Structures are given as structure tokens and as C-alpha cells.
Amino acid sequence: MSDASAATGTAAAKSQWVDPFGVYNFKLMISGMAVGHFTECSAPQVSIDTVEYREAGQSQVVHHIPTITTHGEISLKQGLTRSTELWDWFMATAAGEIRRLPVSIILLDSRGTTPVVQWDLFDALPVRWSGATLRATAREVYVQEFALKYESIERVGARDA
């Protein structure tokens, strides 16, 4: 085999298509325990604010200096069941009993069996709850929504994917 064909074979091996992960298999852990089954979980968000700075003598160049990092809100939707763990946590927070807990969002493979990526949210706190509209003519599942705020985030797994 020539050097050129060996190089082409190596490049082809490195550029093979890899399917992206699906968004439909996930689980949520709070303080290391699975809490309910969720139909939807919004994506974690991190934003870095900046301040514009114009350099003297080069006012046409604008530099962006990072300032404050903020973390967004996670929205969790689930069907109403007899389980009250999230409700109790939310109501305790509303009553002034603040318990910041670790939360993990775990993305599973297409079979729903193996974790592929995990986001660990530190010092999470429930900040909002909303229920479904009740209608006598509806044929739907009652879906409630909880929102969590968190102090920091870490990604675990699938670094080379």
C-alpha cells in the first residue's frame, strides 16, 4: 500500500459518521435518587455577560471583557402522580426551609439503558411550580411543571464524542 492510500485510509477512519445522541431518553436524579419520570426537561443554560471596551487610539476595535456568569433555569414537566417529593421540596422552600440539593440530568443511549452524558447541577433550588388547566371535556394527562435554579454546572461523560 502506498503512503498516499494509507493516509487516505487513516483519514477515512477518523471521519466516520457518528450518530448524535437523541433527546428522548433521559432521567433526573436529585440527591442521588431518581425522582419521578419526566416528559420534558429544558436544557441547562450558562451565560457570560461582557462589557465593551474601546482601546484608545483604535476606537474602531471593540474588546469584550467577560464579567458575570449566570446560570439559567431548568424546567421539568411530569404527569401528576401520588409521588410528592418535588412538591414537598418546593413547599418547604416557599415556607423558608431552604435546602439546596445536587441535581443530575442524565442523557441515555438510544436503547435507554446506558448513560452517555451527564450534567451535574450544584446547589439547585425549586423556584416555580405550575399545574395544568382542568377541563371536564379534556382527555389529557395532568402535567405539572417545576422550575429549578442552580449555582454551577459540570458536564460528565462523552468528551470524545
Side-chain angles (χ1 to χ4, degrees), residues 15-54 62-161:
S15 65
Q16 288 181 356
W17 174 257
V18 177
D19 286 335
F21 302 126
V23 298
Y24 47 85
N25 283 328
F26 63 94
K27 64 181 176 179
L28 189 89
M29 307 288 282
I30 298 177
S31 289
M33 296 175 53
V35 178
H37 296 279
F38 297 90
T39 58
E40 190 174 323
C41 176
S42 65
Q45 300 173 7
V46 180
S47 300
I48 302 171
D49 292 336
T50 62
V51 172
E52 291 185 357
Y53 170 75
R54 293 185 182 269
V62 178
H63 298 280
H64 296 275
I65 300 170
T67 57
I68 297 171
T69 301
T70 56
H71 297 84
E73 189 175 276
I74 297 291
S75 173
L76 306 169
K77 293 182 181 180
Q78 71 175 162
L80 181 66
T81 65
R82 287 187 173 91
S83 173
T84 63
E85 286 97 354
L86 281 174
W87 175 260
D88 294 343
W89 184 27
F90 177 78
M91 292 309 292
T93 302
E97 183 185 323
I98 309 301
R99 290 181 292 148
R100 296 178 184 272
L101 301 175
V103 173
S104 295
I105 301 167
I106 303 167
L107 186 64
L108 305 171
D109 65 3
S110 60
R111 292 185 312 269
T113 56
T114 307
V116 292
V117 179
Q118 176 173 321
W119 292 273
D120 291 331
L121 312 176
F122 298 96
D123 295 329
L125 186 67
V127 295
R128 183 171 36 88
W129 173 83
S130 62
T133 301
L134 302 174
R135 290 187 312 276
T137 59
R139 301 278 185 239
E140 303 166 355
V141 171
Y142 186 103
V143 176
Q144 62 184 345
E145 180 178 0
F146 288 92
L148 307 177
K149 292 269 190 172
Y150 54 98
E151 299 294 324
S152 63
I153 185 171
E154 182 178 299
R155 179 181 161 164
V156 180
R159 300 239 183 246
D160 57 348

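These figures come from a predicted structure and were not determined experimentally. Throughout, numbering of the chain's residues begins at 1 and tracks the sequence. Any value given below was found using the heavy atoms of this structure, including those in side chains, with hydrogens, waters and symmetry copies removed.
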Donor-acceptor pair, distance only, cut-off 3.5 Å: does the side chain of Thr67 make one with the backbone of Asp49?
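Such a contact is found between Thr67 side chain and Asp49 backbone.
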Test item: Ser104 side-chain N/O and Ile106 main-chain N/O as donor-acceptor pair under 3.5 Å:
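Here the side-chain-to-backbone pair does not exist.
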Among Gln78, Lys77, Arg128, find the residue that satisfies the side-chain contact (heavy atoms from CB on, under 4.5 Å) test when tested with Phe146.
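Answer after filtering Gln78, Lys77, Arg128: Gln78.
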Leu148 pairs by side-chain contact (heavy atoms from CB on, under 4.5 Å) with which of Val103, Val127, Leu101?
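Testing Leu148 for a side-chain contact (heavy atoms from CB on, under 4.5 Å) against Val103, Val127, Leu101 leaves exactly one candidate, Val103.
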What pairs with [X] under side-chain hydrogen bond (donor to acceptor under 3.5 Å, both in side chains), at least two apart in sequence or on another chain?
X: Asn25; value: none
X: Ser75; value: Glu145
X: Glu40; value: none
X: Thr114; value: Asp109

Might you point out which heavy atoms bring [X] and [Y] nearest each other, and give the distance in Å?
X: Cys41; Y: Ile105; answer: SG-CD1, 3.7 Å
X: Ala147; Y: Glu73; answer: CB-OE2, 3.5 Å
X: Leu121; Y: Pro44; answer: CD2-CB, 4.5 Å
X: Ile48; Y: Pro66; answer: CG2-CB, 3.8 Å
X: Phe122; Y: Glu154; answer: CE1-CB, 3.7 Å

Partners meeting side chain to side chain contact (heavy atoms under 4.5 Å, CB included) with [X] (sequence neighbours left out):
X: Val46; result: Thr69, His71, Ile153
X: Ile65; result: Tyr53
X: Leu134; result: Tyr142

Pairs flagged by salt bridge (charged side-chain N to carboxylate O under 4.0 Å, His left out) wherever residues 79-93 is involved - sequence neighbours left out
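Those involving residues 79-93 do not exist here.
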Starting at CG of Leu108, measure out to CD of Gln118 and round the result to the nearest 0.5 Å.
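Reported value, rounded in 0.5 Å steps: 10.0 Å.
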Could you grab the distance from atom CD of Gln144 to atom CG of Leu76, nearest 0.5 Å is fine?
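Taking CD in Gln144 and CG in Leu76, the distance rounds to 10.0 Å.
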Suppose the criterion is ring-ring contact (aromatic ring centres under 6.0 Å, His included): which pairs have a residue in residues 86-106, not counting sequence neighbours?
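As it turns out, the ring-ring contact (aromatic ring centres under 6.0 Å, His included) pairs with a partner in residues 86-106, which skip direct neighbours, are Trp87-Trp129.
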Not counting sequence neighbours, list each pair that qualifies as a side chain to side chain donor-acceptor pair (under 3.5 Å) and has a residue in residues 90-99.
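Found none.
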Return the set of residues passing salt bridge (charged side-chain N to carboxylate O under 4.0 Å, His left out) with Glu52 (not counting sequence neighbours), or none when no residue passes.
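With neighbours one apart ignored, the set is empty.
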So for atom CD1, which belongs to Ile98, do other residues, nucleotides or ligands contribute more than 12 heavy atoms lying within a distance under 6.0 Å?
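Enclosed.
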Test of understanding: with ring pair (Phe, Tyr, Trp, His ring centres under 6.0 Å), list the residues that count as partners of Phe38, not counting sequence neighbours.
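Listed in chain order: nothing, the list is empty.
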